[in-house]
Structure formats: C-alpha cells, structure tokens
Amino acid sequence: MSNVCYECGRPKIDGHQIEREVQSDRYSSWWRVSELKVGDKFLNGRFEVVGKETHAEESQGETFDLWIAFKEVATNKFFKKLGRGDSYGEVEWDGAVFEVQAVAKTVTVWEIAD
C-alpha cells in the first residue's frame with residue numbers, strides 16, 4: 001500500500017501524523033485550535049476548522065465529550081479530534097484524531113398539538 005494519495009499525489013496523512021504536527025508546532029496546540037472559529041485555519045493554513053463542540057452546560061460534577069472537526073484543505077479529507085471536559089472548567093484534549101466523513105441525519109421531534 002502506497003503512502004501517496006492516488007488522487008492528488010500528496011503524501012497520505014493520518015490522525016497520528018496530525019497529532020504529532022500539532023504537538024510539535026510551537027504556534028499550535030489543541031488548546032489554541034479549540035479557540036479558533038469555524039472557518040479559521042491552522043498549521044500554516046493546511047487545516048480548516050469545520051465544526052466543534054468545545055463546551056457544554058452541565059450540572060456541577062458532570063463530565064462531557066468535546067470535539068473539533070477540521071479538514072485538510074489540499075485534499076478535502078475531514079478529521080475529528082476528541083477530548084473531554086467537566087463542569088469545573090477542566091478540559092483535556094487527550095482523545096485520538098480520526099478521519100471522518102459528514103453524515104446527514106433526520107431528527108423527529110414530538111411537539112404538543114395546538
């Protein structure tokens with residue numbers, strides 16, 4: 001299996017490689033990336049934030065999952081970084097980075113009839 005993308009000719013990238021690059025870049029960290037807005041870019045413009053859940057309103061003592069979704073601009077591949085937080089304000093970006101794809105879902109809600 002080749003380490004080069006057959007579509008664009010660039011080296012293939014995976015979650016471990018992205019993790020290493022963010023940790024080794026002196027201008028980036030997952031803390032800094034989590035502060036970016038959707039549409040902002042990081043790692044010299046290579047990646048763009050496309051969605052995120054970086055806080056939640058929970059009862060005291062509760063924990064919750066966090067995530068940041070981003071795409072590699074050159075290849076349009078999407079990735080998601082996982083983390084966790086708690087109601088006391090502690091946040092850990094200790095989860096893995098996974099390649100992901102967008103999936104549309106339909107949600108049905110039941111409301112009181114007039």
Side-chain angles (χ1 to χ4, degrees):
M1 181 177 246
S2 173
N3 284 334
V4 176
C5 176
Y6 70 92
E7 294 174 345
C8 68
R10 291 173 47 98
K12 288 183 182 176
I13 189 164
D14 65 13
H16 296 292
Q17 183 178 354
I18 295 169
E19 190 74 58
R20 287 190 303 272
E21 288 185 38
V22 169
Q23 290 174 355
S24 66
D25 184 77
R26 69 182 213 183
Y27 299 109
S28 292
S29 70
W30 289 113
W31 280 98
R32 288 186 177 150
V33 172
S34 72
E35 296 296 318
L36 297 175
K37 296 177 180 72
V38 171
D40 287 347
K41 295 181 180 174
F42 62 100
L43 284 180
N44 298 317
R46 283 186 52 212
F47 298 98
E48 179 182 338
V49 177
V50 296
K52 64 184 200 171
E53 179 62 56
T54 57
H55 70 282
E57 299 296 325
E58 299 289 339
S59 301
Q60 187 171 355
E62 296 290 320
T63 60
F64 47 90
D65 294 327
L66 306 171
W67 55 269
I68 302 169
F70 53 95
K71 73 175 180 177
E72 184 179 28
V73 175
T75 63
N76 233 19
K77 282 186 166 184
F78 291 85
F79 298 89
K80 189 176 190 178
K81 170 69 174 170
L82 303 177
R84 56 192 163 89
D86 66 32
S87 60
Y88 301 110
E90 292 294 321
V91 173
E92 295 289 332
W93 290 106
D94 57 356
V97 174
F98 296 97
E99 186 172 349
V100 296
Q101 63 185 11
V103 176
K105 294 185 177 185
T106 302
V107 177
T108 301
V109 296
W110 298 94
E111 297 183 357
I112 299 171
D114 291 331

Note, Val73 side chain near Lys41 side chain (heavy atom, < 4.5 Å):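 Answer yes - side chains close enough.
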Is it possible for you to say whether [X] and [Y] belong to one hydrophobic cluster, with membership spreading through side-chain heavy-atom contacts below 4.5 Å?
X: Trp93; Y: Leu36; result: yes
X: Leu43; Y: Val33; result: yes
X: Leu82; Y: Trp31; result: no

Value rounded to 0.5 Å, distance of CD in Glu53 from CH2 in Trp67: 7.0 Å
Cluster companions of Val109 among Ile, Leu, Val, Met, Phe, Trp, Tyr (side-chain spacing under 4.5 Å):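 Members other than Val109 - counting any ILVMFWY side chain reachable under 4.5 Å - are Val107.
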Val91/Leu66 under side chain to side chain contact (heavy atoms under 4.5 Å, CB included): CA gap, chis, key distance, verdict: CA-CA 9 Å; Val91 173; Leu66 306 171; 3.4 Å; yes
Sidechain-backbone polar pair: Lys52 side chain, Ser34 backbone, donor-acceptor under 3.5 Å: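 Such a contact is found between Lys52 side chain and Ser34 backbone.
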Glu19: side-chain hydrogen bond (donor to acceptor under 3.5 Å, both in side chains) partners, not counting sequence neighbours: Gln23, Trp30, Lys81
Partner set under salt bridge (Lys or Arg N to Asp or Glu O under 4.0 Å) for Glu35, not counting sequence neighbours: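 Listed in chain order: nothing, the list is empty.
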With sequence neighbours excluded, residues passing salt bridge (Lys or Arg N to Asp or Glu O under 4.0 Å) with Arg84: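 Asp94.
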Where at least one partner belongs to residues 96-114, residue pairs that pass salt bridge (charged side-chain N to carboxylate O under 4.0 Å, His left out), sequence neighbours excluded: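 Residue pairs passing salt bridge (charged side-chain N to carboxylate O under 4.0 Å, His left out), neighbours aside: none found.
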From CA spacing to verdict: side chain to side chain contact (heavy atoms under 4.5 Å, CB included), Phe70, Ile18: CA-CA 11 Å; Phe70 53 95; Ile18 295 169; 4.0 Å; yes
Qualifying residues under side chain to side chain contact (heavy atoms under 4.5 Å, CB included), relative to Lys71, sequence neighbours excluded: Glu48, Val50, Asn76, Phe78
